[in-house]
Amino acid sequence: MEKGYLAIVLHAHLPYVRHPEHEFFLEEHWLFEALTETYLPLIEVFDKLIEDRVDFRITLSLSPTLLSMLKDPLLQFRYLRHLDKLLRLAEQEMDRTRWQPEFHKLALLYHHRFQKARFLFADRYRQDLLQAFKRYQDLGVVELITCGATHGYLPLTSLYRPAIRAQVGTAVTLYRSIFGQDPKGFWLPECGYHPGDDDLLKEFRIKYFFVDTHGILFGSPRPKFGVFAPVYCRSGVACFGRDMESSKSVWSAVEGYPGHPDYREFYRDIGYDLDFDYIRPYISPDGHRMNTGIKYYKITGETGEKAPYVPEAALEKAAEHAGNFMFNREKQVEHLESIMRRQPIVVAPYDAELFGHWWFEGPDWLNFLIRKIHYDQKMIKLITPSEYLKRYPKNQVMTPSLSSWGWKGYSEVWLEGSNDWIYRHLHKMTERMVEAAKTHKAPNPLERRVLNQMARELLLAQSSDWAFILKTGTFVSYANRRLQEHTARFDRLYHDLKHHAIDAVILSEIEGKDPLFPQIDYRLYAS
Amino acid sequence: MRKTSRQGKTQKTIRTKISGKVSAKRVPLLTRNVERDRRQTFRAKIGRLRQRLLVLERQTAFGKGEKQIVQEAARIENEIQRLEKKVPFYAAPRKKFEEGAFSFPSGYGDHKIVLLIRDPWWIHAYWEVNREIEERTLRAIREKGLSSQKSVLRVYDVTGIDFNGQNERRFFDIVLSGLAHNWYIEVGEPNHDFIVDIGIVASDGSFHLLCRSNRVKTPRFGMSEVVDEEWMTSEDDYWRLFGLSGGYGIGKSSLEMKEFFKRHLLEQVSSGGASGFASFFKMREKERSFWLKVDCELIVYGATDPKASVSVQDRPIRLNADGTFSFRYTFPDGKQEIKVEAKSPDEGETRRVTPIVTRNTV
């Protein structure tokens, strides 16, 4: 009998980026990179685990914007084109590195990976990766949960209940249309929780959500079991807190596994390193260098001189780190069980894109970890939050504390000098949306389209990503542009609607630009 | 599992519609789908060609490089290039609406002040004061024979109080400069309730309200005093679990623990650092000091009869359609003999050229 449980939670999210009006669009590469380096490698790991009949549990949050992009034919097509280009580059690299065996081997490795990505994406899953995820869910190994429709950071929206309702409701509707059932869990964007937000989750039959460690620890009444047991909010929705120890060992820049010298170096990409004329066809057409995904060096150490990457050694290290992680969880769970006198749950949530994109060996690490847990020990077992709730339906009732998993633990990342100006506009849009929804209880079909599109534009403007980008200071002009575009579109539609002057051409044009959430219902703002 | 996917179904209906009577022109979505089908056919074709190419390449790599194989590979490569050019993948939509013309308004003619919570110690206020109301207030001050001294934010601590404008626990003022329309306020009190008034202080010190904010509660930073009878836990047990939850182990004082935790939150990187979506924003680190990197590549190029078979270092290569060829190699230190051999189409004649190059870095 196991002494406790480990819930690995991966949160996959990218903002909605789709620009049919441009032949090449740099920011669309976020999706392409994440596909090649994270989503497809994870799918490969899961497929293989299922094939090998390894029993496992992963909780996977797929943000609605990401779902929408994975479903989008234009982006699917563009990704294939991108992959074909990468394959061509890898082929060239195989030739170019012929006199340097240590690099030649790596060129072959990348070529092989791209080839495999192409096989998974185009042949096995016919460009529809959602079918892959649905299959995992149907097999019971992966619990798919949803997230705010456009990853809006809810604590800074909490004045406007309808805005939160729309973020939740739109996400749930999309989830249901794709996966044919209600989502059990909800990933609060950035783990941003404001007491009372759980009432809105309750409205959509959500069973649980997550908060960062201090959300539970500073909750009231005083939590009995720390973050090692869920609590129920007064709404009856369960809340799981993040375990710090397991989290830190993966993401911490200092103590974390991904910083090991044997692992692949993220920054040394041939898109930056190689001769301009040679790499030109594979970088931005305006000549700006960018990541290609082909990287030949290992982290090596605190030095500028990087040594060539050795995949075998890195894989060895990933296995060792997986073993270490498991060992620590065993000890942790054993100790906790002796104090708590019930089986603890250790919740380890991560950004999915950390695995593969940032930490190249991450998917291998996960693969090793799952297999080791399955074969090598009996102390811990992988579990999903909903399974744990079935096993332990009786839990303490409390109100978690306002918190997020961002830097400093609260809202400062999304509310500071660079980005605080957006809230007065977002709030105004919300007020206008609510007003429009309330005054149009029985719209004609054209008005309904306008109202629904207004809802889409408002949701898109609310993405936490724009505020985040403004703070980080890179891609700033893109974030500004998106904020401006969605606000402009919303503004136009709102005034057209108000003055009974709807321009059907402009409406179609805008609908064509942001064609996500087909079943969106603006009435969410009216209730 | 055998069910047709939803997407498959939609596509099918769309296709039937097209063969029916809906004109593609009127419904752009449909054209898009036709376009998509066409593209996908091309893509599938390219994929198949690419796979064939790979098989051929593998054969040549194992020294089975016969002339036909190399020629077939060349043919396939040209075909791929031809197809790639044909595949359309974007359409610039007609543009009637210009988002670029929009600029964020400086105000909406509203009269309000809004509080947002930044963290347990800070709140943020933004406001917009209606000109008319402001002037009316100023007039009222003048009519009382006073003059207006300064605009202030009056921050009230209203923890546990149903605020009526006078019964606050304490308040403090922040003097505003004329142009400010938002402010970060250090309230310094976790788990307290605040309301902020924006108003004018007159020459006799009286406060004249312009607008009152929403009420916010800063989050608690520490252990709740409320204990649940059913889930009773002592302070010691609480801090023990706290230490374990935070990954600090046990045996530290509560004060130490809180300090640890604060430090931990500062180091928190999930959203501000090196993981997940954030990693798309990590630019290459700046080199620490002055630097220089030098590397060498070597280009070998030439031309022969387009139908000839050519090998470089005993490895068959593909010729361009006009018989030219070009190779690019990374060139580490050392000596390379680059034997280039061409056989005439009838295999009767052989030409050989062997450049020998040495790289020596000092």
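Order of the sequence lines sets the chain letters (A, B, ...), proteins ahead of strands, with each chain counted from 1. Every heavy atom of this structure was used, including side-chain atoms; hydrogens, water molecules and symmetry mates were not.
For A:E431, the part lying under 4.5 angstrom from a heavy atom of chain B is the side chain only. At a 4.5 Å heavy-atom cutoff, the contact between A:F225 and chain B is made by backbone and side-chain atoms alike. The contact between B:W127 and chain A is made entirely by backbone atoms, counting heavy-atom distances below 4.5 Å. Proximity to chain B (any heavy atom under 4.5 Å) is shown, for A:P223, by both the backbone and the side chain. Proximity to chain B is limited to the side chain of A:H194, based on heavy atoms less than 4.5 angstrom apart. Both the backbone and the side chain of B:E225 come within contact range of chain A, each with at least one heavy atom under 4.5 Å from a heavy atom of that chain. Heavy-atom distances place the backbone of A:V397, and not its side chain, under 4.5 Å from chain B. Interface residue B:V114: only side-chain heavy atoms are found under 4.5 Å from chain A. Residue B:D237: no heavy atom, backbone or side chain, is found under 4.5 Å from chain A. Of the two parts of B:Y238, only the side chain, counted from C-beta on, holds a non-hydrogen atom closer than 4.5 Å to a non-hydrogen atom of chain A. Of the two parts of B:I338, only the side chain, counted from C-beta on, holds a non-hydrogen atom closer than 4.5 Å to a non-hydrogen atom of chain A. Within the 4.5 angstrom heavy-atom criterion, no atom of B:N191 approaches chain A. Looking at B:I317, neither its backbone nor its side chain comes within 4.5 Å of chain A, counting heavy atoms on both sides. In this structure, no portion of A:R289 lies under 4.5 Å from any heavy atom of chain B. At a 4.5 Å heavy-atom cutoff, the contact between B:F327 and chain A is made by side-chain atoms alone. Interface residue B:Y184: only side-chain heavy atoms are found under 4.5 Å from chain A. Neither the backbone nor the side chain of B:T218 comes within contact range of chain A; no heavy atoms are under 4.5 Å apart. Proximity to chain A (any heavy atom under 4.5 Å) is shown, for B:P190, by neither the backbone nor the side chain. With a threshold of 4.5 angstrom between heavy atoms, A:F119 does not approach chain B through any atom at all. Only the side chain of A:I510 comes within contact range of chain B, with at least one heavy atom under 4.5 Å from a heavy atom of that chain.
Note on B:D119, B:L298, B:L115: by heavy-atom pairs under 4.5 Å with chain A, the leading option is B:D119. In terms of heavy-atom pairs under 4.5 Å with chain A, the best-connected choice from B:T233, B:V226, B:D228, B:T330 is B:T330.
Between A:H425 and B:Y108, the ring planes lie perpendicular to each other; the angle is over 60°, past the 30° to 60° tilted range. The aromatic rings of A:Y410 and B:F221 are tilted relative to each other, their planes meeting at an angle between 30° and 60°. Ring geometry, B:F104 versus B:F102: the interplanar angle exceeds 60°, so the pair is classed perpendicular (tilted spans 30 to 60°).
Neither side chain, A:W99 nor B:E297, offers a donor N or O lying under 3.5 Å from an acceptor on the other. A donor-acceptor pair shorter than 3.5 Å can be found between the side chains of B:Q336 and B:Q313. Under the 3.5 Å distance criterion, with hydrogens and angles disregarded, no donor-acceptor pair is assigned to the side chains of A:Y423 and B:H124. For the residue pair A:E33 and A:H357, a side-chain donor N or O sits within less than 3.5 Å of a side-chain acceptor on the partner. Judged by distance alone, the side chains of A:H13 and A:D351 never bring a donor and an acceptor atom under 3.5 Å apart. For the residue pair A:Q76 and A:D128, no side-chain donor N or O sits within less than 3.5 Å of a side-chain acceptor on the partner.
Seen from the ring of B:F97, A:R489 does not count as a face-on cation partner, given the 6.0 Å and 45° thresholds.
A:E93 and A:R96 are joined by a salt bridge, as a carboxylate oxygen and a charged side-chain nitrogen come within less than 4.0 angstrom of each other.
No donor-acceptor pair under 3.5 Å is formed between the side chain of A:D212 and the backbone N or O of A:G215.
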For side-chain contact (heavy atoms from CB on, under 4.5 Å), just list the numbers for B:K96 and A:D503, CA-CA rounded to whole Å, side-chain angles, deciding distance to a tenth of an Å, and then say yes or no.
CA-CA 10 Å; B:K96 189 173 173 197; A:D503 183 327; 2.7 Å; yes
